[in-house]
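A, B, ... follow the sequence lines: proteins, then strands. Residue 1 opens every chain. Note that this is a predicted model, so its numbers are computed, not measured.
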Amino acid sequence: MRVSRLLLVTLRDDPAEAEIISHKLLLRAGFIRRVGSGIYAYLPLLWRVLQKISAIVREEVNAVGGLETLLPQLQPAELWERSGRWAGYTAGEGIMFHLLDRQERAFGLGPTHEEVITTIAADLLRSYRQLPVCLYQIQTKFRDEIRPRFGLMRGREFIMKDAYSFHADEEDLRRTYQDFDGAYRRIFSRCGLRAVAVEADSGAIGGSASQEFMVTAEAGEDLILASPDGRYAANQERATSRAGAAVPLPAGPFRVLATPGQSTIQGLCSAHGFDPSQIVKVLLLVARFADGPDQPLLISLRGDQQLNDVKLANVLTARLGGERGTLLEVEPINPEQVQRQGLAPLPFGYLGPQLEDAVLAGARDWSTHFLRLADATAAELERFVCGANGGEAHRVGVSWSDLGLKPEALDLRAAQPGDRCLHDVSQVLVASRGIEVGHIFQLGRKYSEALGARFTNEAGQEEALWMGCYGIGVSRLAQAAVEQHHDANGLIWPVAIAPFELIIVIANGQEAAQVALAEQLYGDLQAAGVDVLLDDRSERAGVKFKDADLIGIPWRLVVGRGAAGGTVELVERAGGAKQELPAAELAATLVPLLLAQRRGLALDLPAQGEGA
RNA sequence: CGGGGCGUGGCGCAGCUUGGUAGCGCGGGUGCUUUGGGAGCACUAGGUCGCAGGUUCGAAUCCUGUCGCCCCGACCA
């Protein structure tokens, strides 16, 4: 390709719309253009990158038995009603774009494809003899994100590879899940990305085990907690840890302590010398479900701990999802809401776990009983300080039995960096940030049961299929690569996913010898299978160098002053190392380097096999 | 949705407080010079100041409404 024909439009200034470096660079270097919030055009340079990533993904997914398909994006609401996800995905803060057709039939624009694929599987799969089967597609997904962000990182329309596997039993599912784990590690390393696998929450997709693949980068939206020994890594929303020991409350009789104006843990501690770990704090929240009344929650946590709302949502779904359907939302209760329910004001700031259900009597649309949950750190306290539920006072030295409560110990707390690990107390969790580029799930039979995807097993009996699903954010991965590979001058694409591997810069387009040699090398390198770009524009050399750096082509060949004598200059974008060499030796020098670089990073895990 | 900010030639911005009919840099076009790290000079084209109302002799500027975008929080590949 010739740059003169590439519609290369680069920007000198950072566009005002971009915040993080990868987004700025993709815009400046002419890879993307914004069309609307969270909606981007993939320009020719980026499209080449996306195709290279897709090709790597295809090879690796095919290698573990995937069959490529293309599924519809326009999906009948009925499918989603059958899986029970229509409400959760469209109502409240649902993320599915949905619409009515001329007959008033409802449709969703596919944010994911479990429903469609499971329906197809139900139709096609009848016998264990057909199993296992794994289908995948590389497809545009639509999600009405609450807040689109950072260019391709969180778009409302984006490209995803999603694969779905079907099995006769759970062990077979586990095998494929493991295969995908390996395939994903190979994919990211072949793309030249440093990625880590972490334990994850399975969120709205559901299912049991799930693992995320994070590209490590400061701009990442996820917090990863990992042990330095490499044996444990998890997304913070899922991470478990050992909380520090509580400071025992000094012995003394039970008393009620006047604490006017001390409605925060901090205020209480600094006024009376308590340690936060001696206090049981109470959070009042309300959970909204698809069916039934809103459920007030009374959550007890040790004063020094933070609530992990993902863990809470999982507990709520497990407890109440059966009867009340999808959990739509959990939000803190504030005084205005209490008033709107027609209830007397609650003693916010002085709440204790013994707050009686009577305070909810007569609520307009709330259930009149609290769902009471306690984190283990709170439940395990022998004696503690808690709110007296009125009178601007706290109780000091109470026990759960004093309060007439027997809290069940749940894990509701957020693990924090610095916490000790469960698997080894000598290990301390360390935080880093990551961009989630892949997520693999063992779905189990959630969708197959809901959608009636059954097969006949070896014993001649019908049973639901076991399923797994496996996603990679292809367009997000492209931007994550930029986040990980750039410098002050622009992008630095890993060779394996670079839009072009090498750019030939004609230093002076008016020197016939330079043009002739460049044209000859351009032809030679194309013939040698190199993805080569020729900058034949009538620009000054400086402009071409700046653009070559900005768009991040990994190798640059300068045909300049030495052209008459048959020498050229080869420059590696990363690091900037230069070498002068005779043009005749170029292919022999470059091609072996490219062959090695096309394989991406070396894999850390030898067990996962070879990267190319 | 809550909080913060911004909409002015293609891009980045100034002008707005204190109303008087729009300016700078980059980019585009033409010509000459230059030619290994975003060249110089000259000429030139290009703007319903997001949109709609209002106040005023007069509105980019003041008021009201509205739309869009960006950032912080809930969502996820």
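- Taking atom P on both nucleotides, C26(B) is separated from A42(B) by 12 Å, rounded to a whole Å.
- Atom C1' of nucleotide C26(B) and atom CG of L27(A) are separated by 17 Å, given to the nearest angstrom.
- R156(A) places its CZ atom 17 Å from the C1' atom of A77(B), with the value rounded to the nearest Å.
- Between the side chain of D13(A) and the base of C13(B), no donor-acceptor pair of N or O atoms lies under 3.5 Å.
- Under 3.5 Å, the side chain of E569(A) and the base of G36(B) form at least one donor-acceptor pair of N or O atoms.
- In this model, a side-chain donor or acceptor of R476(A) finds a partner on the base of C76(B) within 3.5 Å.
- Atom CD1 of I146(A) and atom P of C75(B) are 6 Å apart (whole Å).
- Side chain of E145(A), nearest nucleotide from C75(B), G38(B), C76(B): C75(B).
- One C1' atom belongs to U44(B), the other to G5(B), and the distance between them is 37 Å to the nearest Å.
- Within the structure, a side-chain polar atom (N or O) of R149(A) is placed less than 4.0 Å from OP1 or OP2 of G73(B).
- No N or O donor and acceptor, one from the side chain of R12(A) and one from the base of G37(B), sit under 3.5 Å apart.
- Between U34(B) and G40(B), the distance separating the two C1' atoms is 7 Å to the nearest Å.
- Aromatic ring orientation, W86(A) versus H98(A): perpendicular (interplanar angle above 60°, classes split at 30° and 60°).
- The side chain of R143(A) contributes no N or O atom lying less than 4.0 Å from OP1 or OP2 of C75(B).
- Less than 4.0 Å separates RNA chain B from at least one heavy atom of each of the following residues of residues 542-557 of chain A: G542(A), V543(A), F545(A), K546(A), D547(A), D549(A), L550(A), R556(A).
- For A507(A), taking side-chain heavy atoms from C-beta onward, the closest of the listed nucleotides C70(B), G36(B), U35(B) is G36(B).
- Of the candidate nucleotides U34(B), G36(B), A77(B), G36(B) has the atom lying nearest to any side-chain atom of V558(A).
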